A.B. asks: 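Encoded as structure tokens, here's the structure I'll be asking about.
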Amino acid sequence: MTYKAVTLKRGKEESLQRFHPWVFSGAIAAADDTIEEGDLVTVYAHDGTLIGNGHSQIGSIAVRMLTFDDTAIDEAFFEQRLNDAYRMRQALGLQREDNNAFRLVHGEGDFLPGLVVDIYGPTAVMQAHSPGMHFARNIIAKALTQLPGVNNVYYKSETTLPYKAHLDPMNDYIIGGMETDEALENGLRFHVDWLKGQKTGFFVDQRENRSLLEHYSKGRRVLNMFCYTGGFSVYALRGGATLVHSVDSSAKAVRLTDDNVALNFAPDDGRHKSFAEDAFKFLDNMEKEAYDLVILDPPAFAKHKSALRNALVGYRRLNAKALEKMPHGSILFTFSCSQAVNKEQFRLAVFSAAAQTRRKVRILHQLTQPADHPINIYHPEGEYLKGLVLYVE
Ligand code: SAH
């Protein structure tokens with residue numbers, strides 16, 4: 001099946017022949033002038049060879065490739081891709097009695113650029129990042145409910161669709177409705193607020209890193225900075241922390257954290273306390289040596305490449321503020337989820353923080369995103385989460 005034509009400049013087919021899924025606007029020699037944003041298009045090399053089909057978009061990424069042949073982008077296409085994604089998550093063992101929260105579709109990582117789907121028990125929460133996926137939302141939702149255990153599809157595009165596209169984004173159920181807002185992660189219970197929360201309501205990408213933290217928590221006083229829904233806090237409590245303090249600048253996040261702690265621990269378990277405060281202020285005001293396990297999981301400091309320099313300064317300052325007050329023998333879990341910051345740059349920022357505070361620091365673990373956020377080998381840009389676990393002396 002072919003769609004409206006986009007023809008590339010000579011030589012610009014090379015990255016696509018290596019299955020990189022983006023066509024940049026500067027690579028296009030000619031395009032059908034009836035193409036509208038979100039349309040399905042067929043991309044041709046300069047010599048007329050068909051490269052594949054994709055979604056068009058206005059902006060620097062002009063086409064997001066869905067196929068590298070002439071396969072039609074129809075119901076059967078989405079069913080197939082979603083089945084493949086589901087089968088991979090089954091191989092990972094993520095849908096279990098004690099775990100029903102996981103990412104089913106991670107954009108390019110699942111060969112579906114522009115689409116994200118997280119599963120919370122019987123509900124799939126779906127986000128379109130491209131107009132093309134927005135237009136396909138109903139057939140995607142239908143295909144989702146054909147997967148085992150998925151009854152409801154909530155579509156959340158108000159914050160993810162390009163603002164300029166004037167697309168009528170929506171936040172609502174496409175299929176089904178609210179069945180339960182509770183999800184299970186490694187046997188721990190979490191309320192997930194997909195109606196109002198950030199992203200799809202929960203950060204499933206920290207699941208394995210939270211498990212690792214649990215392992216280090218026994219007998220430690222824990223500070224969970226940028227706690228959001230309190231994922232790290234709940235794992236630390238189960239791991240036997242003697243005290244857990246959760247901090248987030250958003251009062252709503254702090255409430256969500258308190259709710260999730262209450263969902264998992266007895267009301268007379270007095271180990272947890274939360275604070276609605278700015279991270280930098282909290283670190284400035286906190287007593288020296290108050291915590292011997294600290295988590296720093298800030299929002300992306302660099303949303304774009306242009307913000308890289310400031311972001312690196314931000315990571316250095318944040319980590320230095322924590323390191324300078326940590327006692328001998330303490331542990332720091334520090335993260336960056338900025339896609340524009342690579343592993344080496346993040347490590348250099350943390351190195352600078354260590355050097356500046358003159359602490360003896362060793363790297364215990366180098367962390368990344370879990371397997372349900374796969375990195376398409378042809379699209380290295382999909383690697384975004386970086387973490388270091390440091391032993392501080
Ligand atoms: N660690 C969390 C995810 C963190 S998301 C998890 O595992 O789920 C980042 C959080 O940082 C958001 O909840 C946001 O409200 C909070 N935040 C942003 N800027 C902040 C600041 N200056 N001080 C404290 N919290 C901040």
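Every number for a ligand or one of its atoms is a count from 1 in the order of the listing. Values in this document were obtained by computation on a predicted structure and should not be read as measured data. We number each residue from 1, following the sequence as shown.
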A.B. asks: Looking only at protein heavy atoms, which one is nearest to atom 14 (C) of ligand 1, and what is the separation?
C.D. replies: Asp248 OD1, 3.4 Å
A.B. asks: Identify the residue among Thr257, Asp258, Asp248, Asn224 that makes a side-chain hydrogen bond (donor to acceptor under 3.5 Å, both in side chains) with Ser274.
C.D. replies: Asp258
A.B. asks: Determine whether the side chains of Glu79 and Asn83 contain a donor N or O and an acceptor N or O closer than 3.5 Å.
C.D. replies: no
A.B. asks: Checking a contact table here: which protein heavy atom is nearest atom 1 (N) of ligand 1, and how many Å away?
C.D. replies: Asp297 OD2, 2.7 Å
A.B. asks: Looking only at N/O atoms, are Gln206 and ligand 1 under 3.5 Å apart anywhere?
C.D. replies: no
A.B. asks: Please step through ring pair (Phe, Tyr, Trp, His ring centres under 6.0 Å) for the pair His365 and Phe333, ending with a clear verdict.
C.D. replies: CA-CA 9 Å; His365 303 270; Phe333 275 61; 7.4 Å; no
A.B. asks: Near Ser250, which atoms of ligand 1 are under 4.0 Å from a heavy atom of that residue?
C.D. replies: 15 (O)
A.B. asks: With a 4.0 Å heavy-atom cut-off (strictly under), which part of Phe232 contacts ligand 1: side chain, backbone, both or neither?
C.D. replies: side chain
A.B. asks: Does NZ or CZ of Arg238 fall inside the cone over Tyr235's six-membered ring, less than 6.0 Å from its centre and within 45° of the axis?
C.D. replies: yes
A.B. asks: Which heavy atom of the protein is the closest neighbour of atom 23 (N) of ligand 1, given with residue, atom name and distance?
C.D. replies: Ala279 N, 2.8 Å
A.B. asks: Look at the rings of Trp22 and Phe24 and say which category their plane angle falls in: under 30° parallel, 30 to 60° tilted, over 60° perpendicular.
C.D. replies: perpendicular
A.B. asks: Tell me whether Lys281 reaches ligand 1 (any heavy atom closer than 4.0 angstrom to a ligand atom).
C.D. replies: no
A.B. asks: With no hydrogens and no angle check, just 3.5 Å: does a side-chain donor-acceptor pair link Arg96 and Asn186?
C.D. replies: yes
A.B. asks: Give yes or no for whether the N/O distance cutoff of 3.5 Å, strictly under, is met between Pro298 and ligand 1.
C.D. replies: no
A.B. asks: Name the closest protein heavy atom to atom 22 (N) of ligand 1, giving the residue it belongs to and the distance to 0.1 Å.
C.D. replies: Asp278 OD1, 2.7 Å
A.B. asks: Relative to the heavy atoms of Gln198, which atoms of ligand 1 are at a distance of less than 4.0 Å?
C.D. replies: 12 (C), 13 (O), 14 (C), 15 (O)
A.B. asks: Considering heavy atoms of the protein only, find what lies nearest to atom 6 (C) of ligand 1 and give residue, atom and distance to 0.1 Å.
C.D. replies: Arg210 NH1, 3.6 Å
A.B. asks: Does the side chain of Arg64 pick up a donor-acceptor pair with the side chain of Gln57 at under 3.5 Å?
C.D. replies: yes
A.B. asks: Quick one: nearest non-hydrogen protein atom to atom 17 (N) of ligand 1, plus distance?
C.D. replies: Ser249 OG, 3.5 Å
A.B. asks: Do other residues, nucleotides or ligands put more than 12 heavy atoms under 6.0 Å from Lys12 NZ?
C.D. replies: no
A.B. asks: Salt bridge between Asp118 and Lys199, side-chain N to carboxylate O under 4.0 Å?
C.D. replies: no
A.B. asks: Any nitrogen or oxygen of Phe226, main chain or side chain, under 3.5 Å from a nitrogen or oxygen of ligand 1?
C.D. replies: yes
A.B. asks: Which residue supplies the protein heavy atom nearest to atom 18 (C) of ligand 1, what is that atom called, and how far is it?
C.D. replies: Pro299 CG, 3.5 Å
